[in-house]
Amino acid sequence: MSTPSTRRSAPSSSSSSKQEDGEPVKKVVYVDDPPQPSRWFTIEYLIYAIVVVVGYFAVIQMMLRRGQEYNSGSKTNYGIVPGWFLDRKQDLSDFQYRVWRENFPLLSIGLAIFVLISNLVKSLYPNVVSKRILFYNLVSIGFLIFVHGACSIIVILIAVANFSISRILDKSKWTIAVTWIFNIIILWTSYLYSGYSFQSLYVLGDWGPILDNHYRGFLGWETYYKVSFLRFISYNCDYYWMRSKRPIPDLKGKSTYIVITEKHQPTEHYTFSHFFAYIFYIPLYIAGPICSFNAWIAQVYQPQKTYTLKYIVGQSIKILIVFLGLEIFLHFSYYYSFDSSDVWKSFSGEEVALTGYLVLNFMYVKFLIIWRVFRLFALYDGIDTPENMNRCVNNNYTFTGFWRSWHGSFNKWTMRYLYIPLGGNKTKHLSIWLIFFFIGLWHDLWWSWVAWALLNCVFFTIEIGIMFYFYHPARLPLRKKWYWRYIVALSGTANVFLLMVANLAILHGFENSILFIRLAFFNEGGLQAFLLSYIWLFAGIMFMMEIREQEKRSKETKPF
């Protein structure tokens with residue numbers, strides 16, 4: 001889930017500049033204001049700290065009290081099963097997390113062997129990249145057959161079709177449009193027909209049902225095609241832009257990843273073997289993070305040097321600790337089970353609100369673990385990708401910041417292959433609607449994702465308008481007032497509620513999202529829950545704002 005970002009700024013003396021698409025535009029005046037002096041060790045922030053700690057104490061007490069009913073056996077619910085920690089039960093109601101934890105040992109061993117052999121090939125043939133490309137291709141074919149069975153034929157045929165589109169149309173302006181149309185048809189028809197069936201192909205005779213019933217593999221190819229979809233778009237667009245000699249934007253001050261993404265690769269790097277290796281690169285095949293073709297192939301030839309081996313090992317240990325922490329947490333919090341089985345509908349206002357808060361935190365940590373593990377294995381292989389979730393879910397109070405952080409790699413993909421081609425900042429008020437609806441339907445053809453897209457579009461559009469107004473140079477005197485940061489924090493608190501509602505729509509859809517709001521804030525205990533949570537979140541946002549000021553003072557940058 002991601003969306004393009006909005007930039008804020010201070011006035012500039014220049015009257016014009018170049019947009020990322022190379023077209024001259026009027027200088028937009030929206031960057032962050034200068035950093036403010038530190039307020040960390042003040043009475044004001046001591047009060048905020050007390051509010052935050054007391055709030056978390058209340059949250060933990062409520063969570064443990066409700067969990068005890070199910071841990072003791074007096075109540076039961078779907079997915080709450082015997083655990084391994086302190087003889088307590090564990091919430092394993094989330095299918096995705098359950099499958100991940102069950103396959104994590106085997107997956108880790110397999111990826112470790114892959115990386116070891118890849119680095120061995122690299123050391124034996126340091127100047128012969130074709131050897132490693134051959135290794136990638138051979139292992140990828142074996143991997144596809146292992147996970148998708150006979151359906152690997154479908155996956156490979158789709159890949160060949162995409163490559164053929166790039167070569168047949170070549171420099172034609174229709175290349176990108178045909179690539180999009182073809183892959184959208186595959187994406188949605190594969191969902192509607194559950195990955196297609198072999199028995200519908202009469203030419204196969206009796207083999208059709210046999211292939212469907214016994215050789216389809218244990219992972220449905222249509223689920224993992226979603227990430228491949230993004231890579232197909234990336235390759236064909238990058239190839240077309242190279243062939244048509246698309247102007248390269250100004251890359252001064254840009255990150256290494258942006259530089260290698262924007263720069264065209266030599267023609268010989270766009271061969272079928274390179275294409276195939278990129279599409280089915282095992283560490284990133286299942287869930288990403290998303291890496292552009294240009295960036296990926298550039299790092300195959302010149303492995304990343306941004307991160308040292310010591311750093312990567314340290315991050316590996318850290319993510320294992322986070323994994324362990326989530327496992328222990330799920331022995332005490334059963335709120336995902338409550339949410340997915342609609343038990344929350346019987347809760348009081350403050351506990352309905354708590355359900356939403358804990359479910360979003362669980363989803364954040366779950367995806368953090370999955371995406372970081374795959375990214376780390378790619379890093380061990382010399383491939384750097386944009387990092388997803390580079391800011392904690394509890395350290396965001398704008399839609400802009402939230403989506404730039406949550407699925408950062410998808411955000412970069414969206415910017416390069418959708419947002420800028422659709423007009424960039426010139427058409428952002430309209431293009432974000434198309435982008436959000438695409439992202440929603442890309443995830444799944446469910447009404448809940450339509451609700452998610454609609455709510456995010458509405459709230460994001462409102463935020464863009466507000467940011468455009470208040471961060472204009474004409475409002476600089478207001479932003480210098482002593483009370484400005486309190487206005488931002490009060491507004492940010494309201495925004496957090498909107499963020500929670502928009503993202504819970506994934507689970508609740510249209511109808512239950514409205515019911516969630518009503519039960520949380522307009523039912524018994526709702527007003528009290530709203531006021532207390534507003535005060536608690538306000539104190540937290542004051543901390544978030546000071547963290548950002550600290551980042552400015554130290555010139556720390558988040559790699560968005």
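Here the structure is a predicted model, which means the values were calculated and not measured.
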| field | Donor-acceptor under 3.5 Å (Asp381 side chain, Ile383 main chain) | value | no
| said: Taking CD in Gln528 as the centre, count heavy atoms belonging to other residues, nucleotides or ligands within less than 6.0 Å. Is the count above 12? | reply: no
| Identified ring-ring contact (aromatic ring centres under 6.0 Å, His included) counterpart of Trp403 within the set Phe410, Tyr419, Trp452 | Trp452
| field | By side-chain contact (heavy atoms from CB on, under 4.5 Å) - contacts of Val365 (at least two apart) | value | Val322, Leu326, Ile369
| query | Looking at Glu262 and Lys254, does any basic side-chain N land under 4.0 Å from a carboxylate oxygen? | reply | no
| message | Taking the cut-offs as 6.0 angstrom to the six-membered ring centre and 45 degrees off its axis, would you call Arg475 and Tyr469 a cation-pi pair? | response | yes
| request: Check the pair Phe367 / His407 against side chain to side chain contact (heavy atoms under 4.5 Å, CB included), numbers first and verdict last. | output: CA-CA 9 Å; Phe367 286 121; His407 202 166; over 6 Å; no
| field | Audit row: Arg101, Leu92, side chain to side chain contact (heavy atoms under 4.5 Å, CB included) steps and yes/no | value | CA-CA 10 Å; Arg101 69 191 294 276; Leu92 294 179; 3.5 Å; yes
| message | Quick check against the 3.5 Å criterion: does Ser554 have a side-chain atom that pairs as donor or acceptor with the backbone of Gln550? | response | yes
| query | Is the distance between the ring centroids of Phe338 and Tyr335 less than 6.0 Å? | reply | yes
| query | Taking 4.0 angstrom as the limit, do Glu549 and Arg485 come out as a salt bridge? | reply | no
| field | side-chain contact (heavy atoms from CB on, under 4.5 Å) partners for Ile50, two or more places apart | value | Leu46, Val54
| message | Closer than 3.5 angstrom, by distance alone: can the side chain of Thr427 be matched with the main-chain N or O of Leu430 as a donor-acceptor pair? | response | no
| Cationic N near anionic O, under 4.0 Å, Arg416 to Asp238 | yes
| query | Does a sphere of radius 6.0 Å around CD in Glu44 hold more than 12 heavy atoms from other residues, nucleotides or ligands, not counting ones at 6.0 Å or beyond? | reply | yes
| field | Asn394/Phe543 under side chain to side chain contact (heavy atoms under 4.5 Å, CB included): CA gap, chis, key distance, verdict | value | CA-CA 11 Å; Asn394 296 309; Phe543 270 100; over 6 Å; no
| said: Quick check against the 3.5 Å criterion: does Ser234 have a side-chain atom that pairs as donor or acceptor with the backbone of Leu230? | reply: no
| query | For Gly79, does its backbone N or O pair with a side-chain atom of Ser337 as donor and acceptor, under 3.5 Å? | reply | no
| field | Phe436 side, atom CZ; Phe459 side, atom CZ - distance, nearest 0.5 Å | value | 11.5 Å
| query | Hey, are the side chains of Tyr471 and Leu476 touching, using non-hydrogen atoms and a 4.5 Å cut-off? | reply | no
| said: Classify the ring geometry of Phe497 against Phe521: parallel below 30°, tilted from 30° to 60°, perpendicular beyond 60°. | reply: perpendicular
| N/O donor-acceptor pair under 3.5 Å between His264 side chain and Arg246 backbone | yes
| task | Compute the centroid of each ring, for Trp536 and then for Tyr56, and state whether the two points are separated by less than 6.0 Å. | result | yes
| query | Quick one: do the Arg548 and Asn395 side chains pair a donor with an acceptor below 3.5 Å? | reply | yes
| Just by modelled atom types, is the Thr400 backbone N or O under 3.5 Å from a matching donor or acceptor in the Glu463 side chain? | yes
| query | Lys345: what forms a salt bridge (charged side-chain N to carboxylate O under 4.0 Å, His left out) with it, not counting sequence neighbours? | reply | Asp342
Which donor-acceptor pairs under 3.5 Å do side chains of residues 290-297 form with protein atoms, sequence neighbours excluded?
unit_1	atom_1	unit_2	atom_2	d
Ser292	OG	Thr261	OG1	3.1
Ser292	OG	Ala295	N	3.2
Asn294	OD1	Tyr270	OH	2.9
Asn294	ND2	Thr261	O	2.9
Asn294	ND2	Lys263	O	3.4

| query | So, are Glu350 and Arg65 salt-bridged, with charged N and O less than 4.0 Å apart? | reply | no
| note | Closest heavy-atom pair, Gly356 versus Met500, reported as atoms and distance to 0.1 Å, is C-CE, 3.7 Å
| remark: On a heavy-atom basis, the closest approach of Tyr534 and Ala494 is OH-N, 3.6 Å
| field | Minimum heavy-atom distance Asn396-Phe402, with the two atoms named | value | OD1-N, 3.6 Å
| field | Residues which pass side-chain contact (heavy atoms from CB on, under 4.5 Å) with Cys237, listed by chain and number, not counting sequence neighbours | value | Ile176, Ile233, Trp241, Tyr417
| Is the side chain of Arg479 donor-acceptor paired with the backbone N or O of Pro473 at a distance under 3.5 Å, no angle test? | no
| task | Establish, yes or no, whether a centroid distance under 6.0 Å links the rings of Tyr48 and Tyr45. | result | yes
| note | Checking Ile514, Thr355, Val352 against Leu519 for side-chain contact (heavy atoms from CB on, under 4.5 Å), the one that qualifies is Val352
| query | Does the Ser405 side chain pair with the main chain of Arg391, one donor and one acceptor, at a distance under 3.5 Å? | reply | yes
| Could you walk me through whether Tyr97 and Leu330 pass the side chain to side chain contact (heavy atoms under 4.5 Å, CB included) check? | CA-CA 11 Å; Tyr97 180 71; Leu330 291 174; 3.5 Å; yes
| query | What pairs with Arg553 under salt bridge (charged side-chain N to carboxylate O under 4.0 Å, His left out), at least two apart in sequence or on another chain? | reply | Glu546
| Got more than 12 heavy atoms from elsewhere within 6.0 Å of CZ, Phe522? | no
| remark: Test side-chain hydrogen bond (donor to acceptor under 3.5 Å, both in side chains), reference Asp384, set Gln299, Lys305, Arg375, output is Arg375
